[in-house]
K.L.:
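I'd like to ask you about the structure that follows.
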There are 2 protein chains.
Amino acid sequence: MKLNTKTRYGIRAMIELAMDWGGKGMFQKEISERQEISYKYLDHIISALKTKGLISNVDGKKSGYRLAKKPEEISVYDIYKAFEPALQIVDCIGEHGECVRAKNCAASDLWCGLNNKIIEHLDSINLSELAKKQQALNQRDEKADMYYI
Amino acid sequence: MKLNTKTRYGIRAMIELAMDWGGKGMFQKEISERQEISYKYLDHIISALKTKGLISNVDGKKSGYRLAKKPEEISVYDIYKAFEPALQIVDCIGEHGECVRAKNCAASDLWCGLNNKIIEHLDSINLSELAKKQQALNQRDEKADMYYI
DNA sequence: TTTTACCCTATAAAACAAATAGGAAAGGTG
DNA sequence: CACCTTTCCTATTTGTTTTATAGGGTAAAA
Ligand code: FES
Ligand code: FES
């Protein structure tokens, strides 16, 4: 069980935008540089986030990207879903009851339980928290730099 | 994020063996038939479970497989680890501190939290529970069959 | 000695992940 | 307007992983 890099990068990009909330807007290039994500790869990531309505460049194409909602209204699971369909740890528990065994399989409850737990956790964390945490880390870093002068 | 089929099949095979706990032992063929898992594929699954010491055929090769421990002493996470290394949802949080950004990255806490939650959940469920649940399901099924006569 | 069940290695096909590449379109600036 | 920048879109490449299947060897029970 691994999280793919698009989702990971996507979350990092969104943290960057959350830190800029209420600010000037950010260009793809800026995000790419600050988060050290390949500029071209970021193309796809931004595209997915935009399609899902999580970000927008509402003040014209050259205004930079902004979050489309308040950071506290965007959960990590929202971002996750921009890159993958709704979390489904195994196919057995699909909405369409994909697995013929599911009705008589003790494991299917297990999958449901785990699946819900993960979604719950991802949904309980929003970008506001993450941005604050990141800001604190960045500041600590700047201070640390000062002491080294 | 998906669970691979080996782990899934592995858990189903283990439930079958847990239901046989204290019983006659089960041949690969029996497990394969009861759980509808390809006989040859099951080769690899059984091999992994054996290597990890979760099952054994202690009374000689032709005695069938048995759980090597009591069902209540085998957690789902134990089985998981027979097929994958310790759960690590992203490489960032490896023991060797794989990601150079981790120290100053707000997301790394997120990964740790999620990772622990999943492990905790998988570790909280043991084969005894699952076997009981499966037995109940099987019985319910037999009864249902009777009513149709 | 024949059958049965296990053990082991190799291989194949398909799917997926991760990234790169190339260029069209559109918007702002001098 | 001509030019540069930024976004947008599609295709391609490369490598890895997943999901099996195949083939044969070994050991022991019958
Ligand atoms: S095998 Fe699909 S639900 Fe158990
Ligand atoms: S990118 Fe690796 S810890 Fe954040």
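These values consider heavy atoms only, across backbone and side chains, with no hydrogens, waters or symmetry-generated copies. Bear in mind the structure is a predicted one, so any value in this text is a computation, not a measurement. Each chain gets a letter, A, B and so on, in the order its sequence line appears, and its residues count up from 1.
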K.L.:
Any luck finding a side-chain donor-acceptor pair between B/Asp43 and B/Gln28 under 3.5 Å?
P.N.:
yes
K.L.:
Grab the CG-C1' distance between A/Leu42 and D/dT6 for me, whole Å please.
P.N.:
13 Å
K.L.:
Just how far, in rounded Å, is C1' of C/dC6 from CG of B/Leu49?
P.N.:
15 Å
K.L.:
Confirm from the modelled atom types if B/His44 and D/dT18 form a donor-acceptor pair under 3.5 Å, side chain to base only.
P.N.:
no
K.L.:
Under 3.5 Å, is there an N or O donor on one side and an acceptor on the other linking the side chain of A/Asp43 and the base of D/dC8?
P.N.:
yes
K.L.:
Show your working on salt bridge (Lys or Arg N to Asp or Glu O under 4.0 Å) between A/Glu84 and A/Lys6 and close with a plain yes or no.
P.N.:
CA-CA 9 Å; A/Glu84 300 203 51; A/Lys6 269 195 189 169; over 6 Å; no
K.L.:
State whether the number of non-hydrogen atoms from other residues, nucleotides or ligands found under 6.0 Å of B/Glu72 atom CD is greater than 12.
P.N.:
yes
K.L.:
Check the distance between C/dA13's P and B/Lys40's NZ and give it to me in whole angstrom.
P.N.:
19 Å
K.L.:
When you measure from every atom of DNA chain D, which of residues 5-28 of chain A have a heavy atom less than 4.0 Å away?
P.N.:
A/Phe27, A/Gln28
K.L.:
Quickly work out the B/Tyr41 OH to C/dA14 P distance and round it to whole Å.
P.N.:
16 Å
K.L.:
Is A/Lys133 salt-bridged to B/Asp109, cutoff N-O under 4.0 Å?
P.N.:
yes
K.L.:
Quick one: does A/Asn4 reach the base of C/dC16 with a side-chain donor-acceptor pair under 3.5 Å?
P.N.:
no
K.L.:
Return the value, rounded to whole Å, for the distance between atom CD1 of B/Ile45 and atom P of C/dC7.
P.N.:
15 Å
K.L.:
To the nearest Å, give me how far apart NZ (A/Lys50) and C1' (D/dT6) are.
P.N.:
10 Å
K.L.:
Should A/Lys52 and A/Asp78 count as an ion pair when the cut-off is N to O under 4.0 Å?
P.N.:
no
K.L.:
Please give me the minimum heavy-atom distance between A/Leu87 and A/Tyr77, naming the atom from each residue.
P.N.:
N-OH, 3.0 Å
K.L.:
Let me know the distance between CD of A/Glu36 and P of C/dA19, rounded to the nearest Å.
P.N.:
13 Å
K.L.:
How long is the line joining CD of B/Glu84 and C1' of D/dT17, in whole Å?
P.N.:
11 Å
K.L.:
Run the salt bridge (Lys or Arg N to Asp or Glu O under 4.0 Å) check on A/Lys24 and A/Glu30 step by step: do they pass?
P.N.:
CA-CA 12 Å; A/Lys24 57 176 182 45; A/Glu30 282 183 86; 2.9 Å; yes
K.L.:
Just to be sure I understand the geometry, which residues of residues 56-69 of chain A put a non-hydrogen atom under 4.0 Å away from DNA chain D?
P.N.:
A/Asn57, A/Lys61, A/Lys62, A/Tyr65
K.L.:
For D/dT7, take OP1 and OP2 only and decide whether either is under 4.0 Å from a side-chain N or O of A/Ser47.
P.N.:
no
K.L.:
When you check the side-chain N and O atoms of A/Asn57 and A/Lys62, is any donor under 3.5 Å from an acceptor?
P.N.:
no
K.L.:
Quick one: do the B/Ser75 and B/Asn126 side chains pair a donor with an acceptor below 3.5 Å?
P.N.:
no
